[in-house]
Amino acid sequence: MSILETDGSRLLAAVAVLLDRKGLVSDEAIRERIALTDAAEPAQGARMVARAWTDPDFRAAMLADGTQAAESLGIMMRGMPPLGVLENTAAVHHLVVCTLCSCYPRAVLGYPPFWYKSASFRARAVRNPRELLASEWKTIVPASVKLRVVDSTADYRWMVLPLRPAGTDGWDEARLAAIVREGDMIGVTCPVAA
Amino acid sequence: MMFAAGDTVRVKDEWPEAAGPVHIRTPHYVRGVTGQIVRFLGDFPNPEDLAFARPAEKKPLYHVCFRTGAIWPDANPDDDVTIEIFEHWLERP
């Protein structure tokens with residue numbers, strides 16, 4: 001029987017047994033990695049953003065070293081690429097794309113949305129980002145604000161620290177985290193007070 | 001480490017993919033384009049070897065910022081694109 005016709009789950013089980021027997025990857029390590037992958041979701045990144053909005057020391061630490069900042073909130077970063085954090089300001093708006101493939105900060109945002117991997121998003125994000133954001137997300141970056149596209153091409157993974165929206169004074173961390181969406185941390189949208 | 005933050009660099013205008021199978025993390029659209037080093041990101045195994053399961057030497061990686069107007073003449077000249085580029089793809093203009 002050809003490997004292409006083999007039942008996928010049996011093939012996976014056979015490979016896992018071989019990896020274990022050869023001492024390359026243990027069953028336990030595979031289970032741990034599956035658990036970590038499943039636990040990663042945009043809510044993790046949103047927790048980081050909310051903490052950064054309310055704690056200036058955390059914000060500074062997060063901008064200096066995203067991986068350490070994530071770990072300090074209990075997000076497992078072991079075996080993950082280094083995390084860089086891009087701070088939106090009144091002068092600069094960041095948009096993250098991977099034009100070469102689909103590099104994405106999975107440790108803190110989980111699986112990428114389907115459009116993130118599309119050839120169309122990847123091409124338009126670098127070639128005509130303002131038009132892309134306006135037509136697909138109704139996100140208007142004012143002419144006075146520099147649009148900085150970050151093409152994630154190699155060993156880092158990047159997330160955006162968005163601007164805290166007006167109308168959220170006095171909100172606690174949990175309430176702030178609840179309004180931060182995955183698109184806000186890629187830079188296609190901006191959080192709004194809900 | 002050859003470059004420091006603020007240094008002006010040019011991405012080599014080289015096209016090794018024309019000669020055969022390669023794995024390159026330097027996008028086509030910045031080959032030959034001049035930009036500025038934002039910061040050094042660390043040393044990472046060379047993906048060009050890693051992808052073919054060859055021993056991969058660690059190479060310096062930088063964040064490099066390019067004005068979009070330097071890449072596409074009709075682009076907004078005040079916007080920019082920041083890209084991770086390995087040192088062996090950079091030269092002094």
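Quick note on labels: first sequence line is chain A, next is B, and so on, each numbered from 1. Being a predicted model, the structure only gives us computed values, none of them experimental.
Of the two parts of B:Ile83, the backbone and the side chain both hold a non-hydrogen atom closer than 4.5 Å to a non-hydrogen atom of chain A. In this structure, no portion of B:Arg67 lies under 4.5 Å from any heavy atom of chain A. Only the side chain of A:Arg130 has a heavy atom closer than 4.5 Å to any heavy atom of chain B. Proximity to chain A is absent for every atom of B:Pro47, based on heavy atoms less than 4.5 angstrom apart. Contact of A:Thr153 with chain B is made through backbone and side chain together, with heavy-atom distances under 4.5 Å. At a 4.5 Å heavy-atom cutoff, the contact between A:Val145 and chain B is made by backbone atoms alone.
Most heavy-atom pairs under 4.5 Å with chain A, from the set B:Ile24, B:Asp74, B:Ile85: that is B:Asp74. Between chain A and the residues B:Asp80, B:Thr26, B:Leu61, the most heavy-atom pairs under 4.5 angstrom are made by B:Asp80.
B:Asp79 is listed as a side-chain neighbour of A:Lys146, based on a closest heavy-atom distance under 4.5 Å. At least one side-chain heavy atom of A:Pro82 sits less than 4.5 Å from a side-chain heavy atom of B:Phe44. You'll find the side chain of A:Asn128 stays beyond 4.5 Å of the side chain of B:Trp72, heavy atoms only. Contact of the B:Phe86 side chain with the A:Asp155 side chain is registered, since non-hydrogen atoms from C-beta on lie closer than 4.5 Å. Here the side chains of B:Arg25 and A:Cys103 are in contact, with some heavy-atom distance below 4.5 Å.
For A:Arg10, the CZ atom sits in a loose shell: 12 or fewer heavy atoms of surrounding residues, nucleotides or ligands are nearer than 6.0 Å. More than 12 heavy atoms of other residues, nucleotides or ligands shown are found within 6.0 angstrom of CZ on B:Arg92.
Both B:Met2 and B:Leu41 are members of a single hydrophobic cluster when ILVMFWY side chains are connected at heavy-atom separations under 4.5 Å.
Between A:Trp158 and B:His63, the ring-plane angle classifies as parallel under the 30° and 60° cut-offs.
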